[in-house]
Amino acid sequence: MGRFSFFDRLLIPTVDDRDEITSGNVEFDYEKCSACSLCVQACPADSLLFEEKKPRLKTGVTNECMACGDCVAICPEGAIRLTKSYTFSKYFRTVDHGALQAPRLFEDD
């Protein structure tokens, strides 16, 4: 394999660089929330936590929400809403985000 020049190495992205990724975001309607904690258990990114009988999004580096919508889909009360998708910056490009919506939900015809 050929060697990369110093300039080439500067252009190669670091995949695990947190500065290259902006996490997703969800909002909770605590009036509707029944404090069942299913959303926390369903989150594949482990970005939700349950404190004082309320779910909330972790903050800072520990928030790795990928806006998958699993929490929205599993919430029996409809108390969670996706408000922002994850985004990549600089070298990474997202092909298509589409509309933010929960997975596995079907509208009645």
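Without hydrogens or angle criteria, Lys53 side chain to Cys36 main chain gives no donor-acceptor distance under 3.5 Å. In terms of modelled atom types and a separation under 3.5 Å, the side chain of Ser85 and the main chain of Ala67 share no donor-acceptor contact.
Looking at Asp46 and Lys58, their side chains come closer than 4.5 Å, going by heavy atoms from C-beta outward. In this structure, the side chains of Leu49 and Leu57 stay at 4.5 Å or more apart for every pair of heavy atoms. At least one side-chain heavy atom of Pro44 sits under 4.5 Å from a side-chain heavy atom of Met66. Within the 4.5 Å cutoff, side-chain heavy atoms of Pro55 are placed close to those of Cys33.
Note that Lys54 lies in the cation-pi zone of Tyr30, set by a 6.0 Å cut-off to the ring centre and a 45° limit from the axis.
Note: the hydrophobic cluster containing Leu48 does not contain Ile74 (ILVMFWY, side chain heavy atoms under 4.5 Å, direct or indirect links). By the criterion of side-chain heavy atoms lying less than 4.5 angstrom apart, applied directly or through intervening Ile, Leu, Val, Met, Phe, Trp or Tyr residues, Leu38 is not grouped with Phe50; the two fall into different hydrophobic clusters.
Here the shortest heavy-atom pairing between Cys65 and Asn25 reads SG-N, 4.0 Å. Taking each heavy atom of Cys39 and Ile80 in turn, the nearest pair found is CB-CD1, 3.5 Å.
Here the CZ atom belonging to Phe28 is positioned 9.0 Å from the SG atom belonging to Cys75, to the nearest 0.5 angstrom.
Salt bridge Lys32/Glu77: absent, no basic N to carboxylate O contact under 4.0 Å.
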